[in-house]
Structure formats: structure tokens, C-alpha cells
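Accompanying notes for the structure given below.
Not measured: the values here are computed from a predicted model. All heavy atoms count here, side chains included; hydrogens, waters and symmetry mates do not.
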Amino acid sequence: MNTKLWLQKGLDKGLTDVEIYASKNESVKVVIYDNKVEENTVSSVSNVSIRGVYEGKMGKVRFEHVSDDYVDKMLDQLIDNAKAITVNEPAIIYEGSERYPEVKENNFDFSSVPMTKKVDDLKTLEKTLKDHSKVSAVQSTIYQENNSEAVLTNTKGLQLERKNRFAYAYSIGVFGEGEDKATAIEFEVFKTYDAFDPHVLAEKIIQKGIKKLGGRSIETKTYPVVFSNETFSELLGMFENLFSQESALRNLTPFKDKVGSLIFQSNVNIIDNPLHEDAYFQYPFDDEGVACKKKYIVEKGVFKGFINDLKTATMFQQEPSGNGFNGGISMTNMYVEPTNVSFDEMIAPIEDGVYITNLNGLHAGVKAVSGEFSVQASGFKIVNGKLDHAVKMIVVSGNFFEALNQVEGIASDLKFSISGTGSPSVYFKALSISGESNT
């Protein structure tokens, strides 16, 4: 792909500015079931997006056929797309930020590890699970590796590149004790293959599954509720779009006129940090070429401002926040700031509470704009400051915004998900739990 040629062709066709965003993703996926390789897939996908300004309008095209012979057709299509736009919005090709953060790239070559080694390790993971007396079945055992890279070039002289490599493995075990059944899954994400130990991963799944056995419902009432780091990260992610300037523009967020106002309890800090070392991905720049940086979305309960892209930043006369991704606005590594309080210390004052470790049906049970949620859950009863028996067949309900004004404690156990959100365990004063009837 001759990007210089493509940029010049765009200018020759009458475009004021042109930008090319080229990405490539290579992946390997292996699935083991019943000691046999059920799937072994190698894929390589390349995409090119071209943005160009024609008569003050931004035209865009995206295609997979990366060829110098194909670019004329795509540029003509881009111009047609620009001509069809009737709204009056800023059309910006970015000249670049003053400086960009340094991000340590992971250069480990997963292809250097023989496929036979990967298959054997997956079989070991499955067998270790199956050999445990409490495991009745293993639903699936999966390994996947990804190698991605992106290059951004435009007619204003900007040329940026980023790369990312990682792999992950997981398995789902079915545990049984008499009529009692439970499933457990655990992901292991790693940036070098030697960080993957199938025996360690199997043990994590086994311990998680055994603890779920013996679960029962509990009395319906209001309890102190603690969400695990993983479950609160999931719940937080459902409300991410409320902090986008695009949502404010479309009146799809309750925070539209709340910048600078106290929206949550003063012990709540929510951060967007594309550079966080403990997250699985680090981004030095967004898809529009704007430098990424750490920023408080909520600081001491106060809403600090919306994230944006170049278009909305210009419309609202703000600095671009570096959140222009995938043709829209999104967070990268949004998380609740942890404290130095351990999980055990945090739950010690709770005499009769619930610890949530699993949430099911989030997309159906959450109304993001209103904040209302009602979600099937499971976890553990908290009795006299310690985790007691497993709990299942319950529904946790409340209002997300009201709950964040009743935060009794935040732990130190920050954990990021592969989706890019993170959280420590969070303790709420009171939420409704529906379980057994109390009549």
C-alpha cells in the first residue's frame, strides 16, 4: 500500500485534506473438547479507512481490498459520500498533538511457540479439570492469540503507528455434588506465552467452582451489597456512554448540565487512563491521531466533563480528549480508583450482607439513561464480616446513580477486564435483593 500515492490522489481529486487509517489483525484460535482439537483457525484481516474533506464536508470509506489499483474507486466513493451529507458539522483532519506518550510495546512473537505446545497445554488444562472429583464435565477449553497494528497517515504530515500483542486462555468447568450443579469459568490473559500455566489456571477454575456448590437463595430484603471487582467492572461498563459528549449532544445522558457538579459520593473517583500499566491495552493515540492521556471523569464525586472526539470537541469549543475510536467516542481503560483497604478489611463490618460474583443478563436488565438495573446474580452470603455459604437464584436491583451515593467502601483489588473497564470490589450501603419469599 503506497500511502503517499493515495494521499496525493485524494488531493488531485479535489479533497482539501486526506487521512488513511490502516489496521491489520492476525489471530490464532484453538478449541479443545474431549481431548481432541475441535477448531484450529488462523486468520488475518486488513482494513483501510479513508477520511477526506470535500467542500467542507467529511467523507468516509472503509474497505478490506488493500490495493493501489482499488484506491481511485474508493476515493470517488468518498467524494460521493461527502456530497450526500446535509448536516453542518465540523470536518477536521488533525495536524497532531504537541507530544505523544511513550508506550512499551509487547514484542513477544507467539508464533514462535510450536502449535503442538499450545495444543498440549490446552489438553492439560482440560484433563486437570476433568480429573477432579467434583468436575462432571468441561464445556470448552480455548486459546486465542492476537497480533494487531495500526498506522495513521494524513496530508498534514501526521504519521503514527501502534502495535499490540496478547493471548488468552480459558475453560468452563461444570461442577456437581449430588443434585447440586454449578459452572465456573476463568480467563487468563498474558503477553508472553511463558506466563500461561495450565495447571494454575485449572486450579483457579476448580477453586471457583467448588465454592459455588451448595448455593441457595436467601430471604428477599435490602442488604449491604459488595460487588466483586469483576462484576462491578461489568456494571460500570454498561454506563460508559453516559460520559460521552455525543450522548450529551443527543440528550441521552442525565449528566448533560452537571459538569462541575457533585453527582456521586465524594469517595468515588472514575478515571479514563489509556496508558494504565495494569490494563491489557495501552493506547498512545486515538484513531484520529489525538494523544491519549489519563483524565478524571469523576473526581471526589464531581463530574469533570465529557470525553469527546475532534468533531464534538470543536462543536463545544473544548480540547480533544483522545477518545475518538472506531468511528465514535469511547473510553479506554475506564475504572474506579482503588484505595489501600483490603477486601477482608472492607467487608469486616458487614454482619448480614451479600457478595456478588456473577451477573447474568446485564444488557436486558440495565436501563442506562435512568440508571435502573435489575439483574440475576449469584455470589456469597456475608456473615459477621466473612464470606459464608454460596448464594444463587437471586436478583439484585437498584439505581446505579443512587447507589454511587451510598458507597460505604472501595477496596484495593483493582482488576481490568479484557473489554477495557476496571474496578476494585465496591461495598454499597443497601441494595434490594430478591430471593426467597419472606411470607
Seminar exercise, completed: When every non-hydrogen atom of Thr183 is compared with those of Gln139, the smallest separation belongs to CG2-NE2, 4.3 Å
For this session: For Ser171 and Ser140, work out which heavy atoms get closest and say how close.
Result: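 Where Ser171 meets Ser140 most closely, the heavy atoms are OG-O, 3.0 Å.
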Is there a side-chain contact between [X] and [Y], using heavy atoms and a 4.5 Å cut-off?
X: Val290; Y: Tyr94; value: yes
X: Leu235; Y: Val366; value: yes
X: Ser423; Y: Lys415; value: no
X: Val268; Y: Lys300; value: no
X: Val298; Y: Asn269; value: no
X: Ile356; Y: Phe380; value: no
X: Asp309; Y: Asp286; value: no
X: Trp6; Y: Ile50; value: yes

For this session: Kindly determine whether Gln144 and Ser27 satisfy side chain to side chain contact (heavy atoms under 4.5 Å, CB included), including the steps that lead there.
Result: CA-CA 7 Å; Gln144 182 160 332; Ser27 67; 4.2 Å; yes
[X] and [Y]: side chain donor to acceptor below 3.5 Å:
X: Thr192; Y: Asp194; answer: yes
X: Glu402; Y: Gln406; answer: no
X: Lys256; Y: Asn251; answer: yes
X: Ser148; Y: Asn164; answer: no
X: Asn323; Y: Asn308; answer: no
X: Ser244; Y: Glu246; answer: no

Using modelled atom types only, decide if a donor and an acceptor are shared between the side chain of [X] and the backbone of [Y] within a distance under 3.5 Å.
X: Gln265; Y: Val407; answer: yes
X: Thr253; Y: Leu242; answer: yes
X: Glu240; Y: Met331; answer: yes
X: Lys295; Y: Ser321; answer: yes
X: Thr153; Y: Ile20; answer: no
X: Lys392; Y: Lys212; answer: no
X: Thr339; Y: Ile410; answer: yes
X: Ser233; Y: Thr421; answer: yes
X: Asn333; Y: Gln282; answer: no
X: Ser97; Y: Ala291; answer: yes

For this session: Cation-pi check, Lys429 to Tyr427: give yes when NZ or CZ is under 6.0 Å from the six-membered ring centre and within 45° of the ring axis, no otherwise.
Result: no
Exercise. Taking the six-membered ring of Tyr21, is the NZ or CZ of Arg51 close enough (under 6.0 Å from the centre) and on axis enough (within 45°)?
Worked result: no
Rounded to the nearest 0.5 Å, what separation is found between the [atom1] atom of [X] and the [atom2] atom of [Y]?
X: Met334; Y: Phe239; atom1: CE; atom2: CZ; result: 10.0 Å
X: Asn107; Y: Lys191; atom1: CG; atom2: NZ; result: 11.0 Å
X: Asn47; Y: Ser23; atom1: CG; atom2: OG; result: 4.5 Å
X: Phe63; Y: Gln77; atom1: CZ; atom2: CD; result: 11.0 Å
X: Ile93; Y: Glu19; atom1: CD1; atom2: CD; result: 4.5 Å
X: Glu288; Y: Leu160; atom1: CD; atom2: CG; result: 12.5 Å

Exercise. Can you pull the ring-ring contact (aromatic ring centres under 6.0 Å, His included) pairs that have at least one residue in residues 307-343, sequence neighbours excluded?
Worked result: His276-Tyr335, Tyr283-Phe325, Tyr335-Phe416, Phe343-Tyr355
Exercise. Partners of Tyr100 by ring pair (Phe, Tyr, Trp, His ring centres under 6.0 Å), sequence neighbours excluded?
Worked result: none
Problem set entry | Passing option when Ser374 is tested against Ser397, Ser432, Ser434 for side-chain hydrogen bond (donor to acceptor under 3.5 Å, both in side chains) | Ser397
What I want to find out is whether [X] reaches [Y] closely enough, with some N-O distance under 4.0 Å, to be called a salt bridge.
X: Glu149; Y: Arg162; result: no
X: Asp76; Y: Lys13; result: yes
X: Glu89; Y: Lys311; result: yes
X: Lys118; Y: Glu145; result: yes
X: Glu102; Y: Lys104; result: no

Could you tell me how the ring of [X] sits relative to the ring of [Y]: parallel (under 30°), tilted (30 to 60°) or perpendicular (over 60°)?
X: Phe264; Y: Phe400; result: perpendicular
X: Phe255; Y: Phe401; result: perpendicular
X: Tyr193; Y: Tyr143; result: perpendicular

For this session: Could you check Phe303 against Tyr296 for ring pair (Phe, Tyr, Trp, His ring centres under 6.0 Å), going step by step and ending with a plain yes or no?
Result: CA-CA 8 Å; Phe303 180 40; Tyr296 278 85; over 10 Å; no
Exercise. In terms of heavy-atom contacts, does CG of Asn88 have more than 12 from other residues, nucleotides or ligands at under 6.0 Å?
Worked result: no
For this session: For the pair Val354 and Val226, evaluate side chain to side chain contact (heavy atoms under 4.5 Å, CB included) and give the outcome as yes or no after the intermediate values.
Result: CA-CA 6 Å; Val354 180; Val226 176; over 6 Å; no
For this session: For side chain to side chain contact (heavy atoms under 4.5 Å, CB included), just list the numbers for Asn154 and Glu95, CA-CA rounded to whole Å, side-chain angles, deciding distance to a tenth of an Å, and then say yes or no.
Result: CA-CA 8 Å; Asn154 67 33; Glu95 67 273 8; over 6 Å; no
For this session: Could you give me the CA-CA distance, side-chain angles and deciding distance for Ile205 and Leu129, then say whether side chain to side chain contact (heavy atoms under 4.5 Å, CB included) is met?
Result: CA-CA 8 Å; Ile205 297 169; Leu129 289 172; 3.8 Å; yes
For this session: Given salt bridge (Lys or Arg N to Asp or Glu O under 4.0 Å), test Asp272 with Lys294 step by step and report yes or no.
Result: CA-CA 6 Å; Asp272 178 45; Lys294 174 184 176 181; over 6 Å; no
For this session: Show your reasoning for whether salt bridge (Lys or Arg N to Asp or Glu O under 4.0 Å) applies to Lys83 and Glu55.
Result: CA-CA 8 Å; Lys83 289 178 178 178; Glu55 296 182 351; over 6 Å; no
Problem set entry | Candidate list Tyr170, Phe196, Phe166, test ring-ring contact (aromatic ring centres under 6.0 Å, His included), partner Phe187, passing option |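 Going through the options one by one, the only one that passes is Tyr170.
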